[in-house]
Structures are given as C-alpha cells and as structure tokens.
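Inspection log for the structure reproduced underneath, given as structure tokens.
The first residue of the sequence shown is numbered 1, and numbering continues consecutively from there. Worth knowing before you read on, the calculation uses all heavy atoms, side chains too, and leaves out hydrogens, waters and symmetry mates.
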Amino acid sequence: MTPRELIGVAEVPGGPPLRLFRRGGDFMIVLDRNELMSTRMSGSEVALGTMTCDRLGDDPAPHLLIGGYGMGFTLRAVLGLLGPDARVTVAELVPGIIEWARGPMAAMTDGCLDDPRVTLAMGDVAGAIRDGVGRYDAIMLDVDNGPDGLTRPANDGIYSPKGLAEAKRALRPGGVLAIWSAGADAAFTRRLGQAGFAVDEVRVKARDNGKGPTHVIWFARRG
C-alpha cells in the first residue's frame with residue numbers, strides 16, 4: 001500500500017489542528033485519528049449542493065451561504081448548477097484550508113474560489129448567519145461531523161435552538177437550511193421541527209458511486 005504523506009498542518013481556532021495527507025492521487029484531511037474528509041468519498045458533499053439547488057425553485061439570482069469550504073465539493077456542485085446572476089458566499093474559519101485549496105490541491109479546486117459569483121468570507125459561519133438577516137435563499141452547513149461537534153466545541157452553538165433561530169432569521173421566506181452529518185441524530189431532527197422548520201431528512205452514500213458509509217442531510221425549510 002502506498003504510504004500517506006503529510007502535506008501540511010492547519011491550526012483551528014479553539015480546536016486541535018487539522019492535517020492534510022496525500023496518498024497517491026488522493027487527499028485526506030484528518031483530525032487526530034479521525035478522517036474528516038477525503039477525495040475518495042465526496043458523494044454526500046456533492047449531494048449537499050445539488051439537492052439544495054433542487055429545492056431552490058426557479059429563482060435566477062439566489063444567494064447561497066456555504067459554511068465550511070472543506071475540499072470544495074459542495075461549492076463546485078452548486079456552481080455547476082447555478083446561473084451567472086447567482087451569488088455564493090463561502091465562510092471558512094481555517095486559513096490553512098484555503099491555503100491548501102490554492103496550493104497542493106489547486107488542480108482539484110479548478111479555480112472555483114475565483115469564480116466571479118463567489119465571495120470568500122474568512123471567519124466563523126455563525127457570524128455570517130447572525131449578520132445576514134433575510135439575506136440568504138439557502139444556507140448549507142458542513143462545518144463539523146454534524147450536530148455532535150468534533151472539530152471544535154464552539155460549533156455546537158450553530159446547532160443549538162439559538163443557532164437555529166438565527167439561521168431561520170437569515171433565510172428569506174421559503175429558504176432552505178441544509179445540514180450535513182456523518183450520521184443520524186433523532187434529537188436534532190426534533191430540534192429543527194421545534195425551531196419552526198419543515199424538515200426533510202435524507203440519507204446519502206459517502207461515495208459518488210453509491211457505496212461507502214451512509215451520511216445524513218437535513219433540509220429544513222423556512223415557512
């Protein structure tokens with residue numbers, strides 16, 4: 001087996017560092033011993049983008065917020081579907097993630113961060129949500145392993161009743177809050193309903209060939 005090569009280390013504000021590994025042509029972002037994401041398993045991140053766009057209707061100029069760039073799979077998915085008048089704000093907390101995207105992973109990134117429809121906002125997505133009252137047609141969150149925060153404890157606030165209320169205020173009427181998770185969470189599903197969202201919980205495979213672990217995406221629509 002080809003050994004993993006450590007490419008870089010990125011500091012996470014309020015959490016342990018992330019490490020980028022390369023094995024052959026594959027990249028992996030690792031937290032401690034947990035593989036958070038890899039180029040081998042991108043299906044559910046792509047689905048987060050495509051399934052959200054499917055729910056936007058016919059608006060030719062929607063404004064989307066993506067919380068967490070990751071490896072850019074969700075961003076590239078939505079850019080491939082949206083028209084020229086759409087706007088996509090990407091909130092990324094970790095500068096090293098963007099440095100990797102523009103550096104060792106530049107061939108895969110394929111210039112998506114330089115697309116004229118994209119605005120990169122460095123910082124916590126929670127701030128973009130709080131400051132964006134009535135601004136977004138969709139908010140897509142993939143900032144941790146799901147509602148049960150792994151990367152940093154502060155992420156838990158996004159999924160709290162207060163955080164969900166702020167996300168609801170940031171959405172336009174009929175807007176969609178889409179949340180990626182490594183697994184199901186019945187308590188969080190109930191919390192979304194209690195926050196006043198109409199909830200659709202979808203299970204998707206981690207790999208784009210329909211194989212691998214099963215991940216969960218919640219699509220919560222504001223009335």
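Minimum heavy-atom separation, Leu82 to Cys53: CD2-SG, 4.0 Å. When all heavy atoms of Leu48 and Phe219 are compared, the closest pair comes out as O-CE2, 4.4 Å. When all heavy atoms of Leu192 and Ala220 are compared, the closest pair comes out as CD2-CB, 4.0 Å. The two residues Ala126 and Ile158 make their nearest non-hydrogen contact at CB-CG1, 4.3 Å. The two atoms that bring Gly183 and Val216 nearest to each other are C-CG2, 3.8 Å, heavy atoms only. The two atoms that bring Ala10 and Val94 nearest to each other are CB-CG1, 3.8 Å, heavy atoms only.
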Validation: residues 58-67 side-chain donor-acceptor distances under 3.5 Å, sequence neighbours left out:
| unit_1 | atom_1 | unit_2 | atom_2 | d |
| --- | --- | --- | --- | --- |
| Asp59 | OD1 | Ala61 | N | 2.9 |
| His63 | NE2 | Thr89 | OG1 | 2.9 |

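Within the 4.5 Å cutoff, the side chain of Leu177 has no heavy atoms near those of the Trp218 side chain. Contact check for Thr52 versus Val78: no side-chain heavy atoms found under the 4.5 Å cut-off. Counting only heavy atoms from C-beta outward, the side chains of Leu141 and Val125 approach each other to under 4.5 Å. The side-chain heavy atoms of Leu75 and Leu113, taken from C-beta on, include a pair separated by under 4.5 Å. Using a 4.5 Å cut-off on side-chain heavy atoms (C-beta onward), Lys205 and Thr214 make contact. Looking only at side-chain heavy atoms (C-beta outward), Asp208 and Phe73 stay at 4.5 Å or farther from each other. With a 4.5 Å cut-off on side-chain heavy atoms, Val143 and Leu93 do not count as touching. Residues Trp100 and Ile29 form a side-chain contact, since some pair of their non-hydrogen atoms from C-beta on lies under 4.5 Å apart.
With sequence neighbours excluded, no residue forms a salt bridge (Lys or Arg N to Asp or Glu O under 4.0 Å) with Glu92. By the side chain to side chain donor-acceptor pair (under 3.5 Å) test, Arg207 pairs with no residue at all, sequence neighbours left out. Looking at residues two or more places apart in sequence or on another chain, you find no salt bridge (Lys or Arg N to Asp or Glu O under 4.0 Å) involving Glu11. The salt bridge (Lys or Arg N to Asp or Glu O under 4.0 Å) check on Arg87 picks up nothing, with sequence neighbours excluded. Residues satisfying the side chain to side chain donor-acceptor pair (under 3.5 Å) test with Arg190, not counting sequence neighbours, are none. Residues satisfying the ring-ring contact (aromatic ring centres under 6.0 Å, His included) test with Tyr69, not counting sequence neighbours, are none. In terms of the salt bridge (Lys or Arg N to Asp or Glu O under 4.0 Å) criterion, residue partners of Arg40 (sequence neighbours excluded) are, by chain and number, Glu35.
With hydrogens and angles ignored, the 3.5 Å screen pairs a side-chain donor or acceptor of Arg221 with a backbone N or O of Gly174. The backbone N or O of Asp26 sits nowhere less than 3.5 Å from a side-chain atom of Thr39 that would complete a donor-acceptor pair. A donor-acceptor pair is defined here as one N or O able to donate and one able to accept, closer than 3.5 Å; no such pair exists between the side chain of Ser42 and the backbone of Ser38. At least one donor-acceptor pair closer than 3.5 Å links the side chain of Arg23 to the backbone N or O of Thr2.
Listed by first and then second residue, the salt bridge (Lys or Arg N to Asp or Glu O under 4.0 Å) pairs that reach into residues 102-121 are Arg102-Asp114, Asp115-Arg117, sequence neighbours excluded. For residues 171-182, every residue pair satisfying the side-chain hydrogen bond (donor to acceptor under 3.5 Å, both in side chains) rule, not counting sequence neighbours, is listed here: Ser44-Trp180, Asp137-Arg172. Sorted by first and then second residue, the salt bridge (Lys or Arg N to Asp or Glu O under 4.0 Å) pairs with a member in residues 69-81 form an empty list; sequence neighbours excluded. Residue pairs meeting the salt bridge (Lys or Arg N to Asp or Glu O under 4.0 Å) criterion with at least one member in residues 42-56, sequence neighbours excluded: Arg55-Asp200.
Distance check: Leu20 CG to Arg4 CZ gives 10.5 Å after rounding to the nearest 0.5 Å. Atom CD of Glu201 sits about 11.0 Å away from atom CD1 of Ile217, to the nearest 0.5 Å.
Residues Leu81 and Val202 are members of separate hydrophobic clusters, defined by side-chain heavy-atom contacts under 4.5 angstrom among Ile, Leu, Val, Met, Phe, Trp and Tyr. Hydrophobic clustering keeps Met108 apart from Val30 (ILVMFWY residues linked when any side-chain heavy atoms are closer than 4.5 Å, directly or through intermediates). Cluster membership check: Phe21 does not share its hydrophobic cluster with Met41, using side-chain heavy-atom separations under 4.5 Å among Ile, Leu, Val, Met, Phe, Trp and Tyr.
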